[in-house]
Amino acid sequence: MSDVDTGFLRSLPKAELHLHLEGTLEPELMFQLAERNDITLPYSDVEALRDAYEFGNLQDFLDLYYQGAGVLQTEQDFYDLTWAYLERCAADGVVHVEPFFDPQTHTARSIPMSVQFRGITRALNDGQEKLGISSRLILCFLRHLSEEDAFTTLQQALPWREHFFAVGLDSGEKGNPPAKFQRVFDEVHKLGLKIVAHAGEEGPADYIWQALNLLKVQRVDHGVRCTEDPALVQRLNDTQMPLTVCPLSNTRLKVFTDMSEHNIMQLLEQGLCVTINSDDPAYFGGYLLDNYLAVRDALGMTKAQAIQLARNSFTASFLSEEEKAGHLATLDKLA
Ligand code: ADE
Ligand code: ZN
């Protein structure tokens, strides 16, 4: 069967479920915001910054990502960041987004939660009004920090409870297992929030088990190392637990040596609920459509497989059953 064409993939309605807003900070915007906020970046220009985007592993990337986020200071900065991402979504046929943000990265620099929430929420509301893109915001705890710090962050976010829908867990995975955050996620659950967690990106399959059994996640972010444990793959398939896979991220961070080695299409063919996402597109060389194209070009993708991936992105979302049904009906007409 022949591969699906680019125009079809662009027009295919899609949801993005694994996207860090701070990871959409393009070098051009980083320099603009640095100038606006009187900050000196340790790079001479945009090219020098882009040249630094060579990562040997997740931590190499995170060091640059947290440094870059330092230019975000005002409500307007958070608005501009989020709005620029939504415009990319509109161009890529993305109709629903569930973006992450990392409040601790900003509160640690004395940027209040109110500034972050106001800027991001205003842009997401404009995204719905002006671009027709729906959204559900996800607040993430940084796992390299303590559980106590996560509890404090949750407390600080409570006044903004109606502005976020779920809580996630990100940052350096190795040595920071989900078990470290079990009690704070119990609290998250009691508040009626949904739960997601990065697991099985650089960390072992056991961290995916912990995310399922201890944190009681509704989705696993990445999860690609599940293939190291056949019983885990079986469980993920039996429960149709969604995996938010990020192909360009995985190759740029050396989780897979080359896209031709990536296991996403193998997992899709086994029946798992895998989705394609861009993670930190400004750092990894592409937004959502670029990720679909990279997978197609390296691994092959039929029209039916593309539609299945788009279907998975809606079934795995936090949209209501009625909203999901609307998107799935649109996809059925393309089959
Ligand atoms: N924060 C931003 N991107 C991340 C990733 N791929 N893994 C863990 N934490 C992150
Ligand atoms: Zn991520």
Side-chain angles (χ1 to χ4, degrees), residues 15-26 30 53-70 72 78 81-82 85 97-108 116 120 136-145 149-150 153 166-178 180-181 195-204 207-208 210-211 215 217-226 242-256 262 264 274-288 290-291 294 313 316:
E16 173 141 76
L17 308 178
H18 185 153
L19 178 285
H20 302 263
L21 285 172
E22 294 89 345
T24 69
L25 182 57
E26 290 288 341
M30 198 189 293
Y53 292 177
E54 278 294 330
F55 313 114
N57 56 34
L58 175 59
Q59 193 57 50
D60 282 357
F61 154 70
L62 289 171
D63 292 343
L64 269 187
Y65 162 90
Y66 293 128
Q67 182 190 73
L72 297 163
F78 284 92
L81 176 77
T82 308
Y85 165 61
V97 295
E98 301 193 352
F100 303 128
F101 77 118
D102 289 337
Q104 287 153 297
T105 305
H106 314 299
T107 50
Q116 306 173 41
I120 294 170
R136 301 270 189 271
L137 183 61
I138 303 176
L139 178 156
C140 279
F141 296 139
L142 298 180
R143 71 200 307 155
H144 67 273
L145 301 179
D149 213 310
T153 303
V167 177
L169 185 65
D170 65 4
S171 194
E173 191 179 4
K174 282 185 183 162
N176 295 299
K180 178 177 163 186
F181 296 92
I195 297 173
V196 299
H198 284 54
E201 177 187 19
E202 277 196 346
Y207 284 18
I208 303 176
Q210 290 186 27
L215 304 191
V217 294
Q218 276 84 47
R219 296 198 294 251
V220 174
D221 295 317
H222 293 294
V224 290
R225 286 191 58 187
C226 67
L243 303 185
T244 63
V245 179
C246 306
L248 284 173
S249 164
N250 291 157
T251 49
R252 294 296 284 266
L253 299 184
K254 314 281 191 286
V255 173
F256 293 95
H262 204 291
I264 183 164
V274 291
T275 63
I276 292 187
N277 305 272
S278 69
D279 206 6
D280 301 285
Y283 292 88
F284 300 148
Y287 286 78
L288 191 61
D290 302 306
N291 275 272
S313 74

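Ligands are counted one by one from 1 in listed order, and the atoms in each one are counted from 1 as well. Predicted model only: the values in this text are computed from it and were never measured.
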Checklist entry - Without hydrogens or angle criteria, can the side chains of T105 and E22 be said to hold a donor-acceptor pair below 3.5 Å? => result no
Next on the checklist: Name the residue from H18, E173, R143 that meets the side-chain hydrogen bond (donor to acceptor under 3.5 Å, both in side chains) definition with H198.
Outcome noted: H18
Checklist entry - Which residues pass the side-chain contact (heavy atoms from CB on, under 4.5 Å) test with L64, sequence neighbours left out? => result Y43, A52, Y53, F55, Q67
Checklist entry - For the residue pair F61 and Y283, does the interplanar ring angle fall in the parallel (under 30°), tilted (30 to 60°) or perpendicular (over 60°) class? => result perpendicular
Next on the checklist: Give the residues near ligand 1 by chain and number, with the criterion being a heavy-atom distance under 4.0 Å.
Outcome noted: H20, L58, F61, L62, Y65, D170, S171, H198, E201, H222, D279, D280
Next on the checklist: Using the salt bridge (Lys or Arg N to Asp or Glu O under 4.0 Å) criterion, which residues pair with R219? Sequence neighbours excluded.
Outcome noted: E98
Checklist entry - Got a donor-acceptor contact below 3.5 angstrom from the E16 side chain to the S278 backbone? => result yes
Checklist entry - Taking the Zn ion (ligand 2) as the center, what protein N, O or S atoms are found at less than 2.8 Å? => result H18 NE2, H20 NE2, H198 NE2, D279 OD1
Checklist entry - Of the non-hydrogen atoms in P178 and Y207, which two are nearest, and what is the gap between them? => result CG-O, 3.4 Å
Checklist entry - Is there a side-chain contact between I276 and L288 (heavy atoms, below 4.5 Å)? => result yes
Item to check | F100 vs V196 side-chain heavy atoms within contact, under 4.5 Å | outcome: yes
